[in-house]
Amino acid sequence: MPELLEQREQLQATMTFLGAIASGIEQAIGESANSISYLAGKRLGMQFSEHAPKTDDIEEALSFVGKVLQENDCLWQFEPFKVHNRPGVISHSEQGDEVMLVFRECMIRQSLFKFGHHQKGSLCNMMYGFFSGALKNIMGKESSLEILHAGENGCYKRLVVFKKS
Amino acid sequence: MIHITIHDKACRGCQLCLDICPTNVFTFDAAAAKATVAHEEDCIGCLSCSYLCPSGAFRHEEHRIVKNFYRDCEFLSRMEKFL
Ligand code: SF4
Ligand code: SF4
């Protein structure tokens, strides 16, 4: 248990440090901070999922992403969510497959709150990058993760996995 | 499933909860000028309605409260057994 406590302390310290840096960068360079965080997240996603299994099934791919996060001690817990008027968890369009995701425990949100930084900023964009990198490895496809709502106790996002062109 | 109650007497009909809810859980009862819960099953437990409501009219049950990052190392060590 002391090891777990130490991990948690390290995670808190790293994330609050990142939160402060991201907030500072946003003020200094504005919009470009989003691209920097996206690219950092994408690199991390690709790196962490390097040995993850491959699949074409989006739900299976999401469970692999969850496992990759867990194995790398990332506190980013998410689950697919279906509201009553959607026919299924996955909806198909011309663009590709769409899934709504709910993020509950999130080390980014928790570190942002600690110092009163805004949500939906560049650090939140890191998650978009992470998914993009991990799904590229796992499914071989491009994807986007749009924040529809950033709440105090949970966030709601739209994941689109694009068809291969 | 999350259970939501709106305290009928507390609601002042401002509709802030309808505006903020990402999954459209609420409808507005125009006759009574009050918010009502229409699709409880769609609640993701973000608690934004609860934070925003000027009347503190909400009560959520069966939802998961996200564990905060602790500011005090003493509290963090006390949390050890729950991590
Ligand atoms: S935010 Fe509160 S007071 Fe306003 S309509 Fe909703 S329940 Fe009523
Ligand atoms: S907790 Fe969030 S999802 Fe649930 S009713 Fe309130 S605003 Fe809507």
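A note on names: the letters A, B, ... follow the listed sequences, proteins ahead of strands, and every chain is numbered from 1.
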Per-residue contact mode, B:C43 against chain A (heavy atom under 4.5 angstrom):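 Backbone only.
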What part of B:I20 gets within 4.5 angstrom of chain A, counting heavy atoms only: side chain, backbone, both, or neither? both
May I ask you to check if A:K157 and A:F103 form a cation-pi contact, with NZ or CZ under 6.0 angstrom from the six-membered ring centre and within 45° of the axis?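 So A:K157 does make the cation-pi contact.
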Region of A:V102 in contact with chain B, defined by heavy-atom distances below 4.5 Å: side chain
Criterion side chain to side chain donor-acceptor pair (under 3.5 Å) on B:S48 and A:H149, from CA distance to verdict: CA-CA 9 Å; B:S48 296; A:H149 179 76; 2.8 Å; yes
Are A:E79 and B:R64 ion-paired here, with the side-chain N under 4.0 Å from a carboxylate O? no
Whether A:R86 and A:E98 form a salt bridge (side-chain N of Lys/Arg under 4.0 Å from carboxylate O of Asp/Glu) is what I want to check.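 Looking at A:R86 together with A:E98, the answer is yes, because their closest N to O distance falls below 4.0 Å.
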